[in-house]
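A note on names: the letters A, B, ... follow the listed sequences, proteins ahead of strands, and every chain is numbered from 1.
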Amino acid sequence: MDQQTSLMSLNMSPFDLSPGPEGSASGGGPSSASQQYVPQGAAYQCPPEQQSFGYANLDASYLFPTGTGGEPGAYLPTAGTVCDQTDTKDVIEELCPVCGDKVSGYHYGLLTCESCKGFFKRTVQNKKVYTCVAERACHIDKTQRKRCPFCRFQKCLDVGMKLEAVRADRMRGGRNKFGPMYKRDRARKLQMMRQRQIAVQTLRGSLGDGGLVLGFGSPYTAVSVKQEIQIPQVSSLTSSPESSPGPALLGAQPQPPQPPPPPTHDKWEAHSPHSASPDAFTFDTQSNTAATPSSTAEATSTETLRVSPMIREFVQTVDDREWQNALFGLLQSQTYNQCEVDLFELMCKVLDQNLFSQVDWARNTVFFKYLKVDDQMKLLQDSWSVMLVLDHLHQRMHNGLPDETTLHNGQKFDLLCLGLLGVPSLADHFNELQNKLAELKFDVPDYICVKFMLLLNPEVRGIVNVKCVREGYQTVQAALLDYTLTCYPTIQDKFGKLVMVVPEIHALAARGEEHLYQRHCAGQAPTQTLLMEMLHAKRKS
DNA sequence: GTTCAAGGCCAT
DNA sequence: ATGGCCTTGAAC
């Protein structure tokens, strides 16, 4: 699905390099790298036949570097060269993330080739304006990089080349503020390479070469809530903002992010049938079926019985594998070949992506999909944050999502903060909530019913078709009540207790929203995102 | 003194 | 316009 279009109309310029000594463009603000470059004029035209399919402008070719055939697994050193040669030079022997040519050093924030360095410099210094006559998704590689400067520059930004590293005063020589970052990046790469070598040595003995196939997410983009809702529905759940590639399969190397620990609870949290192979970007999840609770004391005897068809259908709308793939895909695409990323900014991007999934989920569900777009928007604007919190509780409780993960560049990313909407001090409250739910044997049907009830809130102001919303809410409410009575008869008033938890989730989400809004106002959050649009929408209403 | 990421130069 | 090579100069 094409989320680029709306952003392309935002007409943002990358050329606001404030002049002045020592990086006046610094200061921890949003990285311009994630913004969309919208050129004007028509200096260049991109040949239509050069467009690649979709928006996968980042290609995986540069992941299989330096002359070893480009086969999966070629990334691993051969047995004879495993040891002793881990110096900086080896680390540098990567391929340019823009075009796949040989890297010549750090340039404008990351390792690139000489030609992309020059291209980026000329573009920014001379304020060049390009146009793509195709779909703004041309494939960029070493042989075709000259054909569409628009897409080449876009890709430069997408992979993280930094506009602010181009000096407005054109002063030569010396070092800039990125020096220490390059140094840390080198150290991290060395460390990771050493770890990898150890793992390879261990694994070669028993397994032989492992495959290495890395999936890539497209660059980050945003659209308006309304547009997102109005995108034609697809047959199954898909996630935005990018049409995420499939799960990235990793071979024999200790490649972050790591998979969370296996789940430990009931059948709704059962191991995935696919989890036998090492798959660093997938953690175990319940299979996406409408199975019934089985291993809990209450539910064992009810196996496949007495769960209403509606709840079964609800459970089928849960696609945790997609959620995980989208999460880890984004974390990877945002950090691959990056020295250091702003973790708050990254968190906002993940939240934003989750929001897209949220919208996507909602507009494919019963009750909701028949509403008018304006009503849908109002419901989503009211419930997005509580649903994000609830989703995170679900991922932790039913899929063993860990507190943190190591990013591709070696930085640690706090996953829990996603559930806290960026407020670390809410961790205790969040854990308390999780414990409370665990005591209630909160399972996947509970989760999905509560989620529906959060979404279909008839109290939201300005809803035109209140009747329909209320009916949906009451139907789900009744289904949940029935489910809890049927499947958990020994938990006294499970339904009532679940309903009591809802205001707590609201309180937590409200604090998160406030925090995000403050940071947004302070210029610390990425702009032009669905997340920010949601924050603003609620304040306006 | 060395390093290396900036900007500059110039043949193509 | 591109891209390989050269010069520069702050940080180490």
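Arg186(A) has no side-chain polar atom (N or O) that falls below the 4.0 Å cut-off from OP1 or OP2 of dT3(B). Side-chain nitrogen and oxygen atoms of Asn176(A) include at least one within less than 4.0 Å of the OP1 or OP2 phosphate oxygen of dA6(B). Regarding contacts with the backbone of dA1(C), a side-chain N or O of Lys128(A) is found under 4.0 angstrom from either OP1 or OP2.
Rounded to the nearest 0.5 angstrom, Leu327(A) CG and Thr405(A) OG1 are separated by 8.0 Å. Distance check, rounded to the nearest 0.5 Å: CG of Asp352(A) to OG1 of Thr529(A) gives 4.5 Å. Annotation: the span from Phe430(A) atom CZ to Leu508(A) atom CG amounts to 7.5 Å, rounded to 0.5 Å.
Between the CG atom of Leu110(A) and the P atom of dC4(B) there is a distance of 17 Å, given to the nearest Å. As rounded to whole Å, 12 Å separates atom C1' of dC4(B) from atom OH of Tyr106(A). Following rounding to the nearest Å, Ile140(A) (CD1) and dT2(C) (P) show an atom-to-atom distance of 11 Å. Going from atom NZ of Lys183(A) over to atom P of dA10(C) covers 19 Å, rounded to whole Å. Atom pair Arg147(A):CZ and dT2(C):P shows a separation of 14 Å (rounding to whole Å applied). Rounded to an integer number of Å, the gap from Met181(A) CE to dA11(C) P is 16 Å. Between the CD atom of Glu164(A) and the C1' atom of dA5(B) there is a distance of 15 Å, rounded to whole Å. Residue Tyr130(A) contributes atom OH, which lies 10 Å from atom C1' of dT2(C) at whole-angstrom precision.
Between the two ends of the helix from dG1(B)-dC12(C) to dT12(B)-dA1(C), each summarised by a five-pair axis, the helix axis turns through 10° (rounded to 10 degrees).
Note: Phe153(A) and Phe120(A) meet the aromatic proximity criterion, with ring centroids under 6.0 Å apart.
The pair Glu514(A)-Arg511(A) does not meet the salt-bridge criterion, since no charged nitrogen lies less than 4.0 angstrom from a carboxylate oxygen.
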Report summary line: In B/S/- notation (B base, S sugar-phosphate only, - none; protein heavy atoms under 4.0 Å), nucleotides 7-12 of chain B written 5' to 3' is BB----

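Residues His394(A) and Asp320(A) bring a donor and an acceptor atom of their side chains to less than 3.5 Å of each other.
Side-chain atoms of Tyr182(A) lie closest to dA6(B) of the nucleotides dA6(B), dC4(B), dT2(C).
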Report task. Show your reasoning for whether side-chain contact (heavy atoms from CB on, under 4.5 Å) applies to Tyr108(A) and Glu164(A). Result -> CA-CA 8 Å; Tyr108(A) 309 110; Glu164(A) 63 267 36; over 6 Å; no

**Report entry** Verdict with reasoning, Gln358(A) to Asn354(A), per side-chain hydrogen bond (donor to acceptor under 3.5 Å, both in side chains)
**Finding:** CA-CA 6 Å; Gln358(A) 197 89 261; Asn354(A) 289 347; over 6 Å; no

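Taking only distance into account, the side chain of Arg175(A) never meets the base of dC12(C) through a donor-acceptor pair shorter than 3.5 Å.
Judged by a 6.0 Å distance limit and a 45° cone about the ring axis, Arg152(A) is positioned over the six-membered ring of Phe119(A).
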